[in-house]
Amino acid sequence: MAYTGGLLNLLNGKMGISAPERSVPVMKLIKKHQPKSKEALVQLIKYHHEHNCTCGIKSQGTIEDFGSNLFLAQKEFWGEYKFTLTECVQWEYDLFVVQSMRGGILEKKALRDLAENLPQFLISEAKGYLDENLRVDLLVKKEGKSIAGIQVKPNTFKKMRAEVRAMSKKSNLKWGKPVYYLFYDKNENWINLAEIVRGLSA
């Protein structure tokens with residue numbers, strides 16, 4: 001199981017190691033190229049660092065590079081090295097590859113489950129500006145009109161730094177329509193699906 005919490009989570013967040021502009025917009029990459037395995041995603045990230053892909057997405061490094069950035073940031077942040085380079089590379093692999101692939105799969109599962117429970121609406125994947133800038137994963141439409149958005153998040157999102165959560169909410173607010181957060185637990189079960197279904201059906 002991926003482990004992406006703890007002290008390295010604090011270090012990664014405070015030093016901005018995995019910020020999309022300093023690493024890779026990984027969910028955008030997954031949606032564009034739809035890798036079928038973790039290894040395929042590792043190679044995609046590497047390819048988008050070494051080559052200019054027609055999709056326009058650019059990676060600022062490989063998984064190893066991101067791990068190295070995390071490793072080196074320890075000295076500046078703590079004044080010492082608490083974790084080995086191997087541990088730092090593994091942490092970034094878990095974040096970018098394991099968690100991201102899981103997130104992509106769960107977005108598709110959310111789409112299916114919501115569509116099944118809300119047959120009166122059209123549920124689809126959010127694209128472009130809505131997805132990338134307004135942080136909306138799924139779009140809910142009724143009679144051709146967008147009425148709400150859904151973000152699919154691990155329950156651990158609730159424990160993330162307040163500024164991360166606030167930034168996500170701020171992005172949602174720019175859209176001017178309600179955005180519901182659908183949470184899943186470590187066993188990939190929905191926590192509040194029934195609540196969202198009730199909210200949208202009201």
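Scope of the values below: all heavy atoms of this structure, side chains included, with no hydrogens, waters or symmetry mates.
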(Q) For a quick test of reading the model, state the closest non-hydrogen atom pair linking Ser100 to Leu95 and the distance between them. (A) OG-O, 3.4 Å
Q.
If only side-chain N and O atoms count, and only distance matters, is there a donor-acceptor pair under 3.5 Å linking Asn12 with Trp91?
A. no
Q: Would you mind reporting whether Ser23 and Glu92 have side-chain heavy atoms less than 4.5 Å apart?
A: no
Q.
For the backbone of Val179 and the side chain of Asn172, can you confirm whether one donor and one acceptor N or O come within less than 3.5 Å of each other?
A. no
Q.
For a quick check under 3.5 Å, do Ser37 and Glu39 share a side-chain donor-acceptor pair by atom type?
A. no
Q. Among the clusters formed by ILVMFWY side chains lying less than 4.5 Å apart, do Leu193 and Leu200 turn up in the same one?
A. yes
Q.
For Glu21, I'd like to know if atom CD has over 12 heavy atoms of other residues, nucleotides or ligands within 6.0 Å.
A. yes
Q.
Strictly distance-based, threshold 3.5 Å: is any side-chain N or O of Lys36 a donor or acceptor partner for the main-chain N or O of Gln34?
A. yes
Q.
Do the side chains of Glu107 and Lys31 get close enough for a salt bridge, i.e. N-O under 4.0 angstrom?
A. yes
Q: Answer whether the closest heavy-atom distance between the side chains of Lys109 and Glu188 falls below 4.5 Å.
A: no
(Q) Suppose the criterion is ring pair (Phe, Tyr, Trp, His ring centres under 6.0 Å): which pairs have a residue in residues 93-142, not counting sequence neighbours? (A) Phe66-Phe96
Q.
Using a 3.5 Å distance criterion without hydrogens, assess whether the side chain of Gln151 forms a donor-acceptor pair with backbone atoms of Arg135.
A. yes
Q) Do Glu195 and Tyr180 have side-chain heavy atoms sitting under 4.5 Å apart? A) no
Q) Just by distance, do the side chain of Lys141 and the backbone of Ala148 share a donor-acceptor pair under 3.5 Å? A) no
Q. Does the pair Lys32 and Cys53 meet the rule for a side-chain contact (heavy atoms from CB on, under 4.5 Å), with working shown?
A. CA-CA 11 Å; Lys32 204 80 179 168; Cys53 180; over 6 Å; no
**Q.** Pi-cation contact, Phe183 with Lys158 (under 6.0 Å, within 45°)
**A.** yes
Q.
Just checking Glu143: does its CD atom have more than 12 heavy atoms from other residues, nucleotides or ligands closer to it than 6.0 angstrom?
A. no
Q. Same cluster or not: are Leu134 and Ile147 linked, directly or through other Ile, Leu, Val, Met, Phe, Trp or Tyr residues, by side-chain heavy atoms under 4.5 angstrom apart?
A. no
Q: Starting at NZ of Lys159, measure out to CZ of Arg165 and round the result to the nearest 0.5 Å.
A: 11.5 Å
Q | Spacing of Asp185 atom CG and Asn192 atom CG [to the nearest 0.5 Å] | A | 11.0 Å
**Q.** Separation of Leu106 CG from Leu182 CG (nearest 0.5 Å)
**A.** 9.0 Å
Q. For Leu111, what residues pass the side-chain contact (heavy atoms from CB on, under 4.5 Å) criterion, not counting sequence neighbours?
A. Ile123, Glu125, Leu138
Q. What distance separates Asn69 CG from Cys88 SG, expressed to the nearest 0.5 Å?
A. 10.0 Å
Q.
I need the Leu130 CG to Asn133 CG distance, nearest 0.5 Å.
A. 9.5 Å
(Q) The criterion is side-chain contact (heavy atoms from CB on, under 4.5 Å); which residues satisfy it with Thr54, sequence neighbours excluded? (A) none
Q.
Using only atom types and a distance under 3.5 Å, with no angle test, would you say the side chain of Ser59 pairs donor to acceptor with the backbone of His49?
A. no
**Q.** Verify same cluster id: Leu173, Trp175 (apolar side-chain graph, 4.5 Å)
**A.** no
Q: Quick one: closest heavy-atom pair of Gly103 and Met27, and the distance?
A: C-CE, 4.1 Å
(Q) Show, in sequence, the C-alpha distance, side-chain angles and deciding distance for Tyr181 and Ile191, and conclude whether the side-chain contact (heavy atoms from CB on, under 4.5 Å) test is met. (A) CA-CA 10 Å; Tyr181 281 61; Ile191 290 169; over 6 Å; no
Q: Check whether any side-chain heavy atom of Pro20 sits under 4.5 Å from a side-chain heavy atom of Lys28, and report yes or no.
A: no
Q. Does Asn189 offer a backbone N or O that forms a donor-acceptor pair with the side chain of Asn187 under 3.5 Å?
A. no
Q | Approximate separation, where rounding is to 0.5 Å, of Asn117 CG and Arg112 CZ | A | 13.0 Å
Q: Please examine the side chains of Leu41 and Val26, heavy atoms only from C-beta on, and report whether any two atoms are closer than 4.5 Å.
A: yes
Q | Backbone N/O of Met167 and side chain of Ser171: donor-acceptor pair under 3.5 Å | A | yes
Q. So which heavy atom on His33 is nearest to which on His48, and how close?
A. NE2-NE2, 3.1 Å
Q: Check step by step if side-chain contact (heavy atoms from CB on, under 4.5 Å) holds for Ser68 and Val89.
A: CA-CA 7 Å; Ser68 177; Val89 171; 5.9 Å; no
(Q) Tell me whether Lys170 at atom NZ has more than 12 heavy atoms from other residues, nucleotides or ligands lying less than 6.0 Å away. (A) no
Q) Considering only heavy atoms from C-beta outward, does the side chain of Ile150 approach that of Val136 to under 4.5 Å? A) no
Q.
Check whether Asp94 reaches the backbone of Val98 with its side chain - one donor and one acceptor, N or O, closer than 3.5 Å.
A. no
Q. Ile30 and Ile63: same hydrophobic cluster, using ILVMFWY side-chain contacts below 4.5 Å?
A. yes
Q) Near Lys142 NZ, under 6.0 Å, is it more than 12 heavy atoms from other residues, nucleotides or ligands? A) no
Q. Under 30°, 30 to 60°, or over 60°: which ring-plane class applies to Trp78 and Phe83, parallel, tilted or perpendicular?
A. tilted
Q | Pairwise side-chain contact, Arg102 with Tyr184, heavy-atom cut-off 4.5 Å (strictly under) | A | yes
Q. Side chains of Asp65 and Thr62: do they bring a donor and an acceptor to under 3.5 Å?
A. yes
Q.
Could you see if Val97 belongs to whatever hydrophobic cluster contains Ile57? Use Ile, Leu, Val, Met, Phe, Trp, Tyr and a side-chain cutoff under 4.5 Å.
A. yes
Q. Hey, does Ser201 have a side-chain heavy atom less than 4.5 Å from the side chain of Leu118?
A. yes
